[in-house]
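Structure first, then comments.
Within every chain, numbering begins at 1; the chains are lettered A, B, ... in the order of the sequence lines, protein sequences first and strands thereafter.
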2 protein chains.
Amino acid sequence: MSSAAQPPEAARARRPTLDAVAARAGVGRGTVSRVINGSPKVSAHSRAAVEQAIAELGYVPNRAARSLVTRRTDSVALVVPESETRLFSEPYFSAIIRGVSSGLSGAGMQLLLVLVRDESERARLATYLTEQRVDGVLMVAVHRDDTLPDLLDELAIPTVLAGRRGHPEPLGHVRADNGGGARAAVRHLLEGDRRTIATITGPLDMDVARARLDGYREALQTAGITVDEELIAVGDFTEEGGRAAMRELLRRRPHLDAVFAASDVTASGAVLELRAAGRRVPDDVAVIGFDDSIVARHTDPPLTSVRQPIEEMGRTMARLLLEEIAQRGKGHREVVLPTELVVRKSA
Amino acid sequence: MSSAAQPPEAARARRPTLDAVAARAGVGRGTVSRVINGSPKVSAHSRAAVEQAIAELGYVPNRAARSLVTRRTDSVALVVPESETRLFSEPYFSAIIRGVSSGLSGAGMQLLLVLVRDESERARLATYLTEQRVDGVLMVAVHRDDTLPDLLDELAIPTVLAGRRGHPEPLGHVRADNGGGARAAVRHLLEGDRRTIATITGPLDMDVARARLDGYREALQTAGITVDEELIAVGDFTEEGGRAAMRELLRRRPHLDAVFAASDVTASGAVLELRAAGRRVPDDVAVIGFDDSIVARHTDPPLTSVRQPIEEMGRTMARLLLEEIAQRGKGHREVVLPTELVVRKSA
DNA sequence: GCTACCCGTGGGACCGCTCCCACGCGGCAT
DNA sequence: ATGCCGCGTGGGAGCGGTCCCACGGGTAGC
């Protein structure tokens, strides 16, 4: 058991192999392999002998060897643009990881986390992913012009995206009902008798941002209100972007009485800017964010926000990917999860 | 190039092997291997031929095969207790990952993310880690009684911890100067003429929490102030814990005029509770947090907080681990990185 | 009593790479 | 010319599994 007594320079103690187990159990390699892989065609007697030998030797199968012959790695990659780990306010990043991890762990799959720093690294990434290191790929924050998903499609590597690039989206993906969330937010503002409702969007090359903007438009139209394009400002999901957009909106339409922001961080920037301009929130201007992140609970006033079931999205992504790996091309390729309006003080 | 034309049921196109490259380049396997691994003992002519063949075939080495013979996997695991992904306020979790990822990527190492849900999973984890799937292990949020590090030590798997379990800590680790940060915070409060300074700690089975508490004590003693044990309340790094601790402190010492909290989230809970008790922050009671997380910037008032260089901690962990993997037992085993007090409005 | 079948089993042939040994060949000293 | 050295090189052996084929022995069917 203890290799601690060995001199530090010694090679790491070599672990027992399948052969060793077979020898100790007095059976052949094939039988040991069958026991390990749960084959039913093993006598109770042999099975017991093998299991005891495994326990005595502390045998653990070598993944590389198995992987070499089965051509599976039992691991999947989660690809995240590095910039997103900064931008995404909590709990997005960790919640996705938690969901993915929990969806995977039951299947004995390992999670390879790949942060992509910049374009030059994308090329290297493509190499990694073809190195037969992973059985499938999960991607978050895919942009409309992202080419990596196409490459994965072409290489026939099972892939599931968080969100879609456009529609139709040929690859499997999971997304929140962004449009529905946006509609609920705007409806809530209308019910609070707000009439001049502005919106600060995310980058419009991302489908989430577009879908939230569309929801905003639809809710207004449903209420019989003509959309005033001057009430729409493009942001980038950051606080600073939110401030800039808010300044611009105030300049264009000083008398607006509500803002629907495409993220909490953006909303918090908007709140700061509104206050700087002497407006009270929510008395003069109501504000609603998106994500229900930790920021929403800690701003002043706490933000009303649209919550996405992020952890469940991660779990669902994992499930879709496992299905796709198990049986190429089967399973439904698109899942939309519901959003929920969390009402706090800002609207 | 295109396997897209094949029927979906077809096995994934088998990738070219080293043999194929050798045949195409008109050389032996050995020579191709040498080129790939950058051996100098290859003639310019052969090297060129091999490189061309690799490019033409789109050859990518198979990791499993290499791994099987070299007994290296070129990947390391980052082990995170799942509860921590919830508790750690941003930016800790993602910043550590970013740092680790950047420290690793240069060395061509891959990052395996392992969330540990509960004790039962720890056992499975131990199995994973001995499966020869990783060359080393990084761990965050190690508790004092955590046995996994000992196991890793015994198995002679290179390991680096974020923070230490106690001291001395036999394993390599990286930590922030928690004591120094705490001292700086308390000194700042003293300079603001606060005299009745309370503290809300983290769970005392974690070294970070202990070190911050020690720093608090030292700063007071240095200033010639006797530590009043009634001004010390134990929290758990959560907001609710912060609120409960603050209530207790107000009960014990109603006239306290400052609080040093061991985390921003705790501090934000304390602020809420202070306000509920009719105290103004910072006028009546000054508050300082720890972490300089996104929460600190968004509370009202924005929190003065102690910043840790988290991303750099991650990078340093990766560096230490790579050193340890390259040459067992060499390299210095302990790195302490400086903290910095970020002054905002709360103190 | 002989053939047919099935079940459990052992072990050979690989998977794709690295390691290392042996070999050929040109250049230099003898 | 002969011997020696060293450089580049080819290819056998193995890493530790899985897959699959062939085989032995029991049971059932005729």
Protein-nucleotides 22-24 of chain D N/O pairs under 3.5 Å:
none

* Asked: Does B:Glu169 use its side chain to pair, donor to acceptor, with the backbone of B:Arg165 at less than 3.5 Å?
  -> yes
* Measure the distance from CZ on A:Arg66 to C1' on D:dC15 and round it to the nearest whole Å. => 16 Å
* Gap between atoms CZ and C1', on B:Arg71 and D:dG17 respectively (whole Å) -> 13 Å
* **Donor-acceptor under 3.5 Å (A:Thr159 side chain, A:Ile157 main chain)** => yes
* Structure fact -> Heavy-atom closest pair (A:Leu171 atom, A:Pro149 atom, distance to 0.1 Å) is CD1-CB, 3.5 Å
* To do: Starting at CG of A:Leu104, measure out to CD of A:Gln110 and round the result to the nearest 0.5 Å.
  => 8.5 Å
* Under a 4.0 Å heavy-atom cut-off, which of residues 21-35 of chain A touch DNA chain D? -> A:Arg29, A:Ser33, A:Arg34
* Could you tell me, to 10°, how much the axis swings from one end of the helix from C:dG1-D:dC30 to C:dT30-D:dA1 to the other, five pairs per end? => 50°
* Does the side chain of A:Arg63 come under 3.5 Å of the side chain of B:Ser67 through a donor N or O and an acceptor N or O? -> no
* Check the pair B:Ile54, B:Ile36 against side-chain contact (heavy atoms from CB on, under 4.5 Å), reporting the backbone distance first and the verdict last. => CA-CA 9 Å; B:Ile54 287 177; B:Ile36 290 170; 4.1 Å; yes
* OP1 or OP2 of D:dT18 under 4.0 Å from side-chain N/O of A:Asn37 -> yes
* To do: In whole angstrom, give the distance that lies between atom CG of A:Leu68 and atom C1' of D:dC19.
  => 13 Å
* Asked: Are A:Arg63 and D:dG16 close enough that a side-chain N or O sits under 4.0 Å from OP1 or OP2?
  -> no
* **Close approaches to DNA chain D from residues 38-48 of chain B, in residue order (heavy atom, under 4.0 Å)** => B:Lys41, B:Val42, B:Ser43, B:Ser46
* Partners of B:Arg164 by side-chain hydrogen bond (donor to acceptor under 3.5 Å, both in side chains), sequence neighbours excluded? -> B:Asp207
* Side chains of A:Leu151 and A:Thr147: closer than 4.5 Å at any heavy-atom pair? -> no
* To do: Looking at every strand, decide which applies to A:Asp19 at a 4.0 Å heavy-atom threshold: base, sugar-phosphate, or nothing.
  => nothing
* Within the side chain of B:Asp135, is there an N or O that forms a donor-acceptor pair under 3.5 Å with the backbone of B:Asp74? -> yes
* **Check: A:Arg66 main-chain N/O paired with A:Thr70 side-chain donor or acceptor under 3.5 Å** => yes
* Asked: Within the distance-only criterion (no hydrogens, no angle test), does the side chain of A:Arg15 pair as donor or acceptor with the backbone N or O of A:Gly58 below 3.5 angstrom?
  -> yes
* Answer yes or no: is there an ion pair linking B:Arg175 with B:Glu334, defined by an N-O contact shorter than 4.0 Å? => yes
* To do: Choose from C:dT18, D:dG17, C:dC15 the nucleotide whose nearest atom is closest to any side-chain atom of A:Leu18.
  => D:dG17
* Under the side chain to side chain contact (heavy atoms under 4.5 Å, CB included) rule, collect the residues that match up with B:Ala107, sequence neighbours excluded. => B:Met109, B:Leu322
